[in-house]
Structure formats: C-alpha cells, structure tokens
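What follows is a short report on a single structure.
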Amino acid sequence: MKQERIYLDNNATTMVAPEARDAMLPFLGEKYGNPSSLHAFGGEIRHHLAEAHDHVYDLIDALDQDDVVINSCATEGNNTVLQGVYHTVVRNNAKNHIITSNVEHPSVLNTCKFLETLGVQVTYLPVNKEGIVTAEQVANAIIDRTALVSIMWANNETGAVFPVEAIAQAAKARGVLFHTDATQVIGKLPVSVRDRSIDFLTLSGHKFHAPKGVGALFVKAGVRLPPLLFGGEQMGGLRGGTHDVHNMIGLGMAALLAKKGITDEQTRIRALRDKLESTVLREISDTGVNGGTQHRTPNTANIWFKGVEGEAVLWDLNEHGIAASTGSACASGNEKASYVLLALGIGPEIAHSSIRFSLSRYTTEAEIDTALETIRTVIERLRNISFTYKKG
Ligand code: PMP
C-alpha cells in the first residue's frame, strides 16, 4: 500500500498552487514571445506580465511610483540591497556601518561578512529569548556612520515576527535606510509598505505557493539602488535579463491568492498549528517551544523533545511519510546546532533536539492528527532506546 505523505516543511518551500501552475502553462506552450519584442507575440505577453506585476504590487501595498523588481529569489534580493547600498552609500558618503541581527538568513549574514572584508563595519544585534530584536535596540545601535539597517520581518526557524514597522520608524527618524527580508512573512500575515518607512523589502515566490526561481524586490520611490545584474532595460533597468515569463505569471497568481486568502486561511492554519503544538506539549513529557509564542507566524511550531537527537526524529518521521525539519533547509546536512536556536540562549542539547513543523493552506486537520500519532510513537521509541534520557 502506498503510504500517505504529509508535508510539514512549508518554511523550506511550498507546493505550487494549482491555480498558479494552470496560469503558467500557456507560457510554456503557445505563448512564448519575448515581452520586449514589438510584434504581437511580444505584445500579448506584456499584457499578462503587467497584470501579474500588479498583483505583486497589491500584495505588499506598494504605490505605482515604487519599483517592484521581479528577480530570481530572495537571496538575489538581499544581495542586491546589501551590495547596492555598499556602492551607493558606503563608498560615496563614507557611511560604512550596517546594522542587522544575528538570526538573519545566510543570504544576509554571508553578504554582510563579505562586506566586512571590504571595510564595512557590521553590528549583529543579539535577539532576546523571544527571538527578536527591539526597535530600541536598533535605535541605540545607530551611529552617524550607519548606512543601512537590515532586519528580517519573520524568522524562518522560529517564526518569530520582528516589530518591523517600529524598527523602520527608528531608522527613518535618523535618516538611515531600512531593508527587511520579508520572505517568511509574505502570505502568512498582512504586509504593507504604505507608511513609507521601509526602503527595501525582499520576498520569495516559492515560500507562498509560486514556483521556485522567482522573487521580488521592493524599492521605495525616490531611493536609488544600482542593479546587481547590469543589462537591458528590463525592470526599468534595475535588473537586466529577458523576463522569466512563466515564473512571473506564477508569482502574480500566487500573490493574488495570498492577498485574497490571508485572513481566513491564516486563522485556520493558526488553529491547526496550535492544536499540533498544544497536544505535543500536553501529551509528551519534557517538551517545549523554542522562542516566544505571542509574535509568531501562524504556521510555524519549533518544538524541542528532551533526550532525542533532532536528526533521528526527522529520519523516523520521514520513514512514516512525514516531512519536517531541524532548521533551515539551507543549513541541513550541517551537524552544528542551529545558530538561530543558540541565539535564543538555549543550550546545544535542547537545540539539537528541536524540530520545526511548518504548515500551509494545504495542510488538513486529518494530517495534523496523523502527524501527532506518529510524533508520539517516534519520540517514545527513541527515548526507550536512549542511554541518556531520564524522564523529568
Ligand atoms: N530569507 C529567509 C528568511 C528565508 O527563509 C529564505 C529561504 N530559506 C531566504 C531568505 C532565501 O530565499 P530564496 O530561496 O528565495 O533565495
């Protein structure tokens, strides 16, 4: 009998929405024109792309005058912002200080590390035990030489939601540019750039049911940022390269669906996540939640199970057809404990015993019930064969 598979790793990537896939198919078939061509083959594509682009503007509440550059992924967006600010602000104005947090995605942290080799000073603000930095911390870290504050909107491992609006205001009050990596919040909570305090925002399609290989970068009207990829006039000259037409169409449809469903869907997902989490905590001893539970994306639960090795739990769950994660997909295979969990101030033993479950609009209650049964069985089995686990 074929085993039912249950996917609880939606912070790593999501299933492409059937509506997005259907919308894309004609652009992998008869609609193959280049939108930059003047003839009719190009014209029909331009029309569809404009519509898709509008949906991405709507998703984040951007104004017509803003730039929303469609690119390949959030990694590209984060690199474009950090390296771009280096060229426009750091090199030109001798402002050589960047503020970020110590739990950002590697696409921010490793770009910062690279900028350090070019002489930029980077402050990596430590998160508190809730897993966030506060606006006050950011305000206190700003100095006259600060060029940019880059703080994620939500963390991929804990789901912790940062007070981004307040942080953006703190940066704006000091005339400092503000960037947020919104990859893990898009499609999960409403996001708006309407109050004009956010200068740059990055997002990634595959985290909210668009295909892989497409993302977007918001640049507020009036803010200058050079392209990472110089080329033709695509995206207003902010990113060269022939448009990735089918992926843009998929992104547009996913954005439309995300905006439409955000309230009802997320209430349902939150209830399922809470059921998963509270049942585990109630029925399995020596367990707990990593990070704060109040300001969190509604789909994420990061739970520790004392006395077991996270990797072993994952393998056992996988044997039962259940997909979860020990940390970010980009770091799996790496035996070091998650730097995000360690940054919360928890010990390596607890960090190593932690599993992230992340849900989506396609997760059902029946799946959560099955997952709960399996989690119970797996943890009991692993603890029974453990030499070190002692209850209590
Ligand atoms: N930022 C965050 C917070 C992420 O979770 C991820 C994906 N794990 C990225 C950036 C990178 O996204 P992409 O795969 O689109 O490069």
Side-chain angles (χ1 to χ4, degrees), residues 7-14 74-75 78 100-113 122 124-133 150-162 181 183-185 188 204 206-207 273 276-277 280-281 284 286-297 299-318 322-359 375 378-379 382 386 388-389:
Y7 187 72
L8 298 177
D9 198 13
N10 288 279
N11 285 6
T13 198
T14 58
T75 297
N78 290 338
T100 188
S101 83
N102 62 351
V103 297
E104 301 291 317
H105 186 263
S107 54
V108 168
L109 291 178
N110 288 335
T111 310
C112 283
K113 292 263 175 295
V122 182
Y124 300 91
L125 291 175
V127 294
N128 60 24
K129 60 184 192 325
E130 306 254 288
I132 57 166
V133 297
S150 175
I151 299 286
M152 66 195 336
W153 202 312
N155 185 268
N156 38 315
E157 293 193 35
T158 58
V161 175
F162 289 65
D181 174 357
T183 305
Q184 289 290 348
V185 77
K188 296 170 185 159
S204 178
H206 74 100
K207 307 288 187 183
R273 188 274 311 271
L276 173 76
E277 198 169 82
V280 166
L281 298 198
I284 308 178
D286 297 328
T287 53
V289 173
N290 289 311
T293 52
Q294 229 188 349
H295 303 292
R296 247 191 326 170
T297 45
N299 78 320
T300 307
N302 193 313
I303 304 176
W304 53 267
F305 299 87
K306 190 176 163 206
V308 297
E309 193 56 49
E311 302 279 320
V313 178
L314 271 199
W315 279 116
D316 262 21
L317 288 176
N318 188 52
I322 294 174
S325 165
T326 48
S328 77
C330 315
S332 57
N334 181 343
E335 273 147 40
K336 279 193 293 193
S338 149
Y339 67 93
V340 172
L341 296 185
L342 294 179
L344 300 177
I346 63 179
E349 204 188 318
I350 290 292
H352 274 296
S353 78
S354 298
I355 302 289
R356 178 187 72 186
F357 301 96
S358 47
L359 286 59
I375 294 166
V378 164
I379 299 297
L382 289 173
S386 162
T388 51
Y389 176 69

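For the pair Ser386 (side chain) and Tyr389 (backbone), a donor-acceptor distance under 3.5 Å is present. Put simply, the side chain of Thr14 gets close to the backbone of His206: a donor and an acceptor are under 3.5 Å apart. Remark: side-chain polar atoms of Asn302 are not paired, donor with acceptor, to backbone N or O of Asn290 under 3.5 angstrom. Not one N or O on the side chain of Lys129 forms a donor-acceptor pair closer than 3.5 Å with the backbone of Gly292. When atom types are taken as modelled, the side chain of Asn102 and the backbone of Val127 share a donor-acceptor pair closer than 3.5 angstrom. At least one donor-acceptor pair closer than 3.5 Å links the side chain of Asn155 to the backbone N or O of Val103.
Looking at heavy atoms from C-beta onward, Thr100 lies in side-chain contact with Val108 at the 4.5 angstrom threshold. Here the side chains of Phe162 and Met152 are in contact, with some heavy-atom distance below 4.5 Å. Inter-residue side-chain proximity for Ile151 and Asp181 is flagged as unmet; no heavy-atom pair is nearer than 4.5 Å. The side-chain heavy atoms of Leu276 and Phe357, taken from C-beta on, include a pair separated by under 4.5 Å. Side-chain atoms of Arg356 and Asn156, non-hydrogen and from C-beta on, do get closer than 4.5 Å to each other. Looking only at side-chain heavy atoms (C-beta outward), Val280 and Phe305 come within less than 4.5 Å of each other. Between Asn11 and Lys188 the shortest side-chain heavy-atom distance falls below 4.5 Å.
Residues passing the side-chain contact (heavy atoms from CB on, under 4.5 Å) test with Asn318 are Trp315, sequence neighbours excluded. In this view, Thr75 and Cys73, Asn79, His105, Ser107 satisfy the side-chain contact (heavy atoms from CB on, under 4.5 Å) rule, not counting sequence neighbours. Leu314 meets the side-chain contact (heavy atoms from CB on, under 4.5 Å) test with Ala324, Thr326, Ile355; sequence neighbours excluded.
Contact detail for Ser204 and Ala74: the closest heavy-atom pair is CB-CB, 3.7 Å. In plain terms, the two heavy atoms of Tyr7 and Thr13 that are nearest each other are OH-O, 2.8 Å. A pairwise comparison of heavy atoms in Thr300 and Arg273 identifies O-NH1, 2.8 Å as the closest pair. Counting all heavy atoms, side chain and backbone alike, Cys112 lies closest to Val122 at O-CG2, 3.9 Å. Shown here for Glu104 and Tyr339, the closest heavy-atom pair between the two residues is O-OH, 2.6 Å. Among all heavy-atom pairs drawn from Val133 and Ser101, the shortest one is CG1-CB, 4.1 Å.
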Exercise. Please assess Glu157 against Ser338 for the test side-chain contact (heavy atoms from CB on, under 4.5 Å), listing each intermediate value before the final yes or no.
Key: CA-CA 9 Å; Glu157 293 193 35; Ser338 149; 2.7 Å; yes

Quiz item: Stepwise, does the side-chain contact (heavy atoms from CB on, under 4.5 Å) test hold for Leu344 with Leu341?
Solution: CA-CA 5 Å; Leu344 300 177; Leu341 296 185; 4.1 Å; yes

Exercise. For side-chain contact (heavy atoms from CB on, under 4.5 Å), just list the numbers for Val161 and Ile132, CA-CA rounded to whole Å, side-chain angles, deciding distance to a tenth of an Å, and then say yes or no.
Key: CA-CA 7 Å; Val161 175; Ile132 57 166; over 6 Å; no

Practice problem: Check the pair Lys306 / Thr287 against side-chain contact (heavy atoms from CB on, under 4.5 Å), numbers first and verdict last. | Solution: CA-CA 6 Å; Lys306 190 176 163 206; Thr287 53; over 6 Å; no

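Distance check, rounded to the nearest 0.5 Å: OG1 of Thr183 to CG of Asn78 gives 6.0 Å. How far CD of Glu309 is from CG of Leu382: 10.0 Å, rounded to the nearest 0.5 Å. Expressed to the nearest 0.5 Å, how far CH2 of Trp304 lies from OG of Ser354 amounts to 8.5 Å. With rounding to the nearest 0.5 angstrom, the OG atom of Ser358 is 5.0 Å from the CG atom of Asp9.
Using a 4.0 Å cut-off between charged nitrogen and carboxylate oxygen, Arg296 and Glu130 do not count as a salt-bridge pair.
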